[in-house]
Amino acid sequence: MQLLLTALALGALYGAIGIGFVIVHRLTGMVNFAMGDIAVAGGFGAVVASAVLPPLGAILVGAVVGAVVSVVMYHLAIHPLRNQSLMVQTIVTLGVGIAIRSLIQLYFGSGPRQFPAITSGPSVDILGGRIPQQSLWLIGITLLGYLGLAYFFDRTLSGKALSAFSVNAYAAGIVGISLTTMATIAFALSGAIAGGVLAAQVPTSFIAAGAGLALGLKGFIAAIMGGFDKLGLTLIGGFLVALAEVVVARYVSAAQASTVVFVLLIVLLILRPQGLTRQVVADRV
Amino acid sequence: MTAALSVKGVSFSYGRAKVLRDVSLSVAEGEIVTVIGPNGAGKSTLLNVIARSHRLRHGDVALGGKNTAGMRQSQVVREGCVLVPEGRQVFTTLSVSDNLVLGGYTRRKDSRTKQLMDEVYAYFPRLAERSHQLAGTLSGGEQQMLAVGRAYMSQPRVMLLDEPSLGLSPQMTAQVMSVLAQLRAERNLTVVVVEQNALAALSLADRGYLLSGGQVMLEGTAEELRNNPMIQHIYLGGAPSAEPVSKGIAEAIDHGQAEK
């Protein structure tokens, strides 16, 4: 039970970052490998804001910072390359990730940072397992973000426009939906959910500048499990990644946890490249 | 009188392949004009350049006398010029009603969406029956109706249609064409329709242009083009099914005009 609870909290984080991947991929067809670093930028934004704001406000700032960094990245690095191949754009995101990581390191150093939890107090007992109150907040914020996004894509005109653009970019252009506007929205949303959720996790552990790469890769695996298409399945994928990680850390060795996760990634890519979805997601031209 | 749509000296190339050479045409308000021509004549490219799905590099396109140079695609739609693309290109994973709502994307600030949708459903009752179905599950003809309806949602003054009869049964073609005639009659809509099915197109249109090898080879009233020996020889003689189609369309159009 304890493992399940830990995995739930950690999985919410991976799932949120995975959702960040999915939103951008659905629209543009590229994989944004700077996702983890954007989330970390959001986390540090929250750390800075926590000096003057209560934790919940700081987490909100974290989401905003994630969104802003993500949008700035799109306009500076991706938009000028919009006529290049997806491969070029994807490789550029790796570079941007390194740049963001280095900038954070330059400014904040590589030491861990933390800020207080939203509600202080002892951990909560759930069916024999214990979970810090902040982790419940983290899970709650992730679910709220997920529901908000689901509502956005299903019910609002901008959300439908984003979906329409993913289905048929040519036709979306014809009805007057512009790529730049849609991409700006998509990058903002993906940065916001990743940055905000990571910020919510900061009080339970801590955050270091170099965390982005590993976070990004685990979010990437979650996104693969979601078929790079389904937000809900991505959350479940994030939970499964986290579960594998904590089980290995508990019964095998904490040092090997990441290794096992990445071996899982390889196995997954070989056996079920379509993720948990039933059909293979059609390749976009 | 300023033309609803005027194209002057437009050229276009894909890489080094020249597809349009100095094409000019002019369409008056409320007119139905067809552009016919063989495969690869540049008909689709012409429409895509006008609608700005392709960039306009050489030449001028004006809508109601307003030059569209420097306009983005969405601005062209807002200026009232909308494309119904070849192959329908509906949003297959979205519902019929969502497709229509998105057709009005550039008009999202005014609140006539509901009213416009009802108008579309009145023109195409079949779409009303299927409003909650995913667009991908519709038949080809229904998708074509949806594509026209989606274009209508942007409240266009000029509608560009790229091969609306492609893959459609003669009855379905007649139905779509008759709605176009109706839209012209009731809303003074200007229509430019590109067709390989020359006879069907000429029976609907007032005037026509023959495009071949990226150039305008002929222009004239539909009557003149129909009687032109070259066109008769190349386009009309070769299609065995053309006769009943055009007859059906002529009847449908008479019907449409009787309603006005």
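Residue numbering restarts at 1 for every chain, and letters A, B, ... go by the order of the sequence lines.
The local environment of CZ in B:Arg72 is sparse, with at most 12 non-hydrogen atoms from other residues, nucleotides or ligands closer than 6.0 Å. For A:Phe262, the CZ atom counts as densely surrounded, since its 6.0 Å shell holds more than 12 non-hydrogen atoms of other residues, nucleotides or ligands. Enclosure of atom CZ in B:Arg78 by more than 12 non-hydrogen atoms of other residues, nucleotides or ligands within 6.0 angstrom is indicated.
Interface with chain B: from residues 153-160 of chain A, residues A:Leu157, A:Lys160 qualify, criterion being any non-hydrogen pair under 4.5 Å. Taking non-hydrogen atoms and a 4.5 Å limit, the residue list of residues 60-78 of chain A in contact with chain B is empty. Residues of residues 178-186 of chain A having a heavy atom under 4.5 Å from any heavy atom of chain B, listed by number: A:Met182.
Contacts of B:Asn48 with chain A are made by side-chain atoms alone, with heavy-atom separations under 4.5 Å and no backbone atom involved. Within the 4.5 angstrom heavy-atom criterion, no atom of B:Ser154 approaches chain A.
When all heavy atoms of A:Ala161 and B:Tyr105 are compared, the closest pair comes out as CB-CE1, 3.6 Å. Residues B:Pro85 and A:Tyr170 come closest through the heavy atom pair CB-CE2, 3.7 Å.
Within the 4.5 Å cutoff, the side chain of B:Thr92 has no heavy atoms near those of the A:Asn168 side chain.
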Derivation and outcome, side-chain contact (heavy atoms from CB on, under 4.5 Å), residues A:Ile174 and B:Gln89: CA-CA 10 Å; A:Ile174 281 169; B:Gln89 308 283 353; 5.6 Å; no
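With rounding to the nearest 0.5 Å, the separation of CZ in A:Phe165 from CG in B:Leu102 is 12.0 Å. For the atom pair OG of B:Ser74 and CD1 of A:Ile177, the computed distance is 10.0 Å after rounding to the nearest 0.5 Å.
Under the rule for a side-chain hydrogen bond (donor to acceptor under 3.5 Å, both in side chains), the partners of B:Glu195 that lie at least two apart in sequence or sit in another chain are B:Ser165.
Among B:Leu94, B:Asp98, B:Val76, B:Val90, the residue with the largest count of heavy-atom pairs under 4.5 Å with chain A is B:Asp98.
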